[in-house]
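Every chain is numbered from 1, with letters handed out A, B, ... down the list of sequences.
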There are 2 protein chains.
Amino acid sequence: MSDSRSRRRATGRTTLADVAQAAGVSPITVSRALRGERAVDPALVARVQEAAQRLGYVPDPAARALASQRGTHVAVLIPLLSNALFVDLIEAVQRALRPAGYQTLIGITHYDESEEEQLLREQLLHRPAGLIVTGFERSAAARALIAGSGVPCVHVMETSTQPGQYSVGFSQQDAGRALTEHLLAQGRRRIAFAGAQLDARVMQRLQGWRQALQAVGGHDPRLEFLHPAPSSIALGGQMLEQILAFRPAVDAIFFCNDDLAQGALLAALRLKVAVPRRLAIVGFNDLTGSEHMLPPLTTVRTPRAAIGEAAARMLLGLIRGEAPATPGVDLGYELVVRGSS
Amino acid sequence: MSDSRSRRRATGRTTLADVAQAAGVSPITVSRALRGERAVDPALVARVQEAAQRLGYVPDPAARALASQRGTHVAVLIPLLSNALFVDLIEAVQRALRPAGYQTLIGITHYDESEEEQLLREQLLHRPAGLIVTGFERSAAARALIAGSGVPCVHVMETSTQPGQYSVGFSQQDAGRALTEHLLAQGRRRIAFAGAQLDARVMQRLQGWRQALQAVGGHDPRLEFLHPAPSSIALGGQMLEQILAFRPAVDAIFFCNDDLAQGALLAALRLKVAVPRRLAIVGFNDLTGSEHMLPPLTTVRTPRAAIGEAAARMLLGLIRGEAPATPGVDLGYELVVRGSS
DNA sequence: CTGAAAGCGCTTACAG
DNA sequence: CTGAAAGCGCTTACAG
């Protein structure tokens with residue numbers, strides 16, 4: 001009757017055993033009924049659910065993780081949170097994962113391979129139920145960690161080239177090509193590319209720019225301006241000044257990200273460079289503020305929220321052991337033509 | 001000799017027991033030596049650490065959480081990730097927490113009390129080692145959840161008024177007053193306040209604006225423009241137009257956040273309203289881009305990175321059971337006067 | 001300062 | 001379809 005002599009460490013928590021007792025079944029049956037795993041007599045399931053509900057039972061994530069060797073959270077690795085792109089992605093992932101009972105753990109790699117590797121190592125110790133990573137470019141060690149972990153993983157923001165890899169994204173290269181073709185269609189001939197950060201996706205956009213120009217015999221490598229610093233409004237202004245100083249004949253600039261293009265538009269206002277008459281300026285991603293610039297910025301709208309949601313759904317399926325209908329989902333992009341081109 | 005007949009669920013993981021055996025001590029001693037809890041013979045500690053190092057032992061977070069009823073992560077509740085302010089805060093928190101072995105779990109409340117309550121409930125089930133929440137305003141149920149959980153909690157972004165609460169922030173009201181006094185010192189007399197979102201901190205800035213104007217007998221309630229929508233560049237432009245239409249004599253506008261002020265500056269360019277000659281515009285927070293606007297934006301620089309770091313350090317102390325030297329830390333703010341005023 | 005025992009609350013693996 | 005037993009890898013509580 002009395003537990004006072006025992007070594008109990010009462011936590012006051014309602015446990016599986018409590019529910020089992022209330023429902024008149026064994027704890028294992030409660031566990032199975034609640035998780036929907038294996039077949040359980042529907043009548044028992046109902047009885048168990050009623051009891052769990054009544055007692056306010058909530059499974060202990062730590063106990064579950066220890067017993068099953070699998071956590072109730074998903075780790076998401078992104079380069080940066082200061083790029084609004086990834087904020088939209090994360091919000092969408094979280095919105096899809098939370099109702100399914102998974103927490104989202106955000107790891108920030110700062111575009112650094114060794115940081116990513118280190119984060120991966122840490123996260124994997126916590127046995128996430130799933131993993132979402134940005135793009136395909138990473139160290140061999142990082143790839144080995146992912147593959148060796150047995151944790152389902154979805155890659156986002158790019159389209160997959162290799163089989164056996166799950167991904168949700170769009171073709172950065174096609175988008176870069178389409179944006180350049182738009183400038184060509186507007187009659188622009190000396191089109192510069194201004195890239196910062198120089199991560200894999202920026203280089204893919206650059207490749208699209210090259211393709212479009214090569215197709216019309218107008219590719220000039222001297223119009224590639226690549227800066228390793230993170231993209232920012234400040235850098236965009238600097239790059240504009242630099243490009244105009246070095247290549248005054250340039251009649252359009254393709255900035256690899258909207259923040260650069262916004263900075264360039266502000267600098268153009270300051271320098272009294274007429275946009276788009278004298279110079280067309282286009283960006284990428286359609287970030288906040290771009291439509292309110294002077295003139296409004298032409299850009300490529302990227303479906304990062306849709307990507308986040310689709311990636312989360314695919315991951316939930318993989319966690320349940322289902323093979324996705326399409327392992328590599330391409331969600332496309334949308335050219336948004338505004339006043340700056 | 002053979003485990004093949006047993007019901008072992010081999011995980012291949014190096015455990016406490018492995019380290020204990022290698023060091024020739026009991027598992028409990030290993031546990032204590034590694035955590036630095038209670039006094040352990042220094043010689044043994046060295047021996048244990050060497051063995052742990054050699055075997056590549058890493059504690060299992062799930063097992064630890066289950067046994068100790070306390071997780072190895074900290075939950076951080078913020079209103080939004082799309083405000084760069086909170087991104088800076090989160091990055092700083094994570095930077096301070098990671099080396100200490102704590103993961104950061106981000107919960108987004110969307111400025112919604114019931115969402116915050118729900119998040120708190122979920123997070124508390126996971127038994128976080130600590131909690132960081134934004135400001136002091138929340139539902140009674142949420143406050144009760146925090147207090148009843150026994151989980152150490154630090155409030156950020158505001159200064160504390162109540163005893164027994166830990167906080168790191170600055171006085172939003174003082175900052176609002178100082179910014180308004182700056183406008184008065186510049187000779188502005190009809191100073192409007194434009195607020196969006198209308199969360200507690202915005203209302204504190206409004207209060208500072210009122211104070212400054214009341215002190216000089218220039219407070220006019222008709223110059224308070226309050227909009228419940230989230231602040232954004234687009235809304236800033238709209239509010240500027242609206243204010244100029246309703247109160248054409250206004251000679252300065254205090255926008256409660258930089259994104260509003262940036263939108264207002266862009267709208268002023270479009271409408272050819274001379275800033276600062278005809279109209280001074282000031283913002284709050286010193287967000288990305290503000291210094292590159294035309295003209296550059298006068299604003300208040302808020303120490304959110306320092307707040308994140310200090311809050312994380314205070315929390316680590318509280319987790320260790322130490323009382324902080326100062327329970328309410330005020331990190332101040334900095335007036336940044338640029339061309340727009 | 002050190003340890004043997006029990007327990008945290010689940011799920012896996014085996015049986016029936 | 002259901003269950004008794006064991007185990008996941010730690011830490012707590014009690015003793016000495």
Gap between atoms [atom1] and [atom2], on [X] and [N] respectively (whole Å):
X: B:Gln69; N: C:dG9; atom1: CD; atom2: C1'; result: 9 Å
X: B:Leu34; N: D:dC10; atom1: CG; atom2: P; result: 10 Å
X: A:Leu66; N: C:dC8; atom1: CG; atom2: P; result: 13 Å
X: A:Arg64; N: D:dG9; atom1: CZ; atom2: C1'; result: 18 Å
X: B:Arg35; N: C:dT2; atom1: CZ; atom2: C1'; result: 14 Å
X: B:Arg32; N: D:dC10; atom1: CZ; atom2: P; result: 15 Å
X: A:Ile28; N: C:dT11; atom1: CD1; atom2: P; result: 10 Å
X: B:Asp60; N: D:dC10; atom1: CG; atom2: P; result: 6 Å

Starting at the 5' end of DNA chain D, which residue's closest nucleotide do you reach first, A:Pro27 or A:Pro42?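 Nearest nucleotide further toward 5': that of A:Pro42.
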
Nearest to the side chain of [X] - [options]?
X: A:Arg13; options: C:dG3, C:dG9, C:dC1; result: C:dG9
X: B:Pro59; options: C:dT11, D:dC10, C:dG3; result: D:dC10
X: A:Ala67; options: D:dC10, C:dC10, D:dT2; result: C:dC10

Phosphate OP1/OP2 of C:dT11: any A:Ser68 side-chain N/O under 4.0 Å: no

State whether A:Thr15 places a side-chain N or O below 4.0 Å from either non-bridging phosphate oxygen (OP1 or OP2) of C:dG9.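 No, because none of the side-chain N or O atoms of A:Thr15 sits under 4.0 Å from OP1 or OP2 of C:dG9.
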
If the threshold is 4.0 Å, N to carboxylate O, is there a salt bridge linking B:Glu117 and B:Arg138?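 No, B:Glu117 and B:Arg138 are not salt-bridged.
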
Looking at A:Asp18 and A:Arg13, is any side-chain nitrogen of the basic one under 4.0 Å from a carboxylate oxygen of the acidic one?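 Salt bridge flag = no for A:Asp18 with A:Arg13.
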
Quick one: pull up CG in A:Leu119 and CG in A:Leu77 and give me the separation to the nearest 0.5 Å. 5.5 Å

DNA chain C: 5'-proximal contact among B:Thr29 and B:Arg127 (nearest heavy atom): B:Thr29

D:dG3 pairs with, by Watson-Crick or G-U criteria that keep both distances under 3.5 Å: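 Its partner is C:dC14 (Watson-Crick or G-U wobble, both distances under 3.5 Å).
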
Dump the intermediate steps for side chain to side chain donor-acceptor pair (under 3.5 Å) on A:Ser139 and A:Arg143, then the final yes or no. CA-CA 6 Å; A:Ser139 73; A:Arg143 282 198 301 273; over 6 Å; no

Verify the ring-centre separation between A:His73 and A:Tyr102: is it less than 6.0 angstrom?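 When the ring centroids of A:Tyr102 and A:His73 are compared, they turn out to be at least 6.0 Å apart.
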
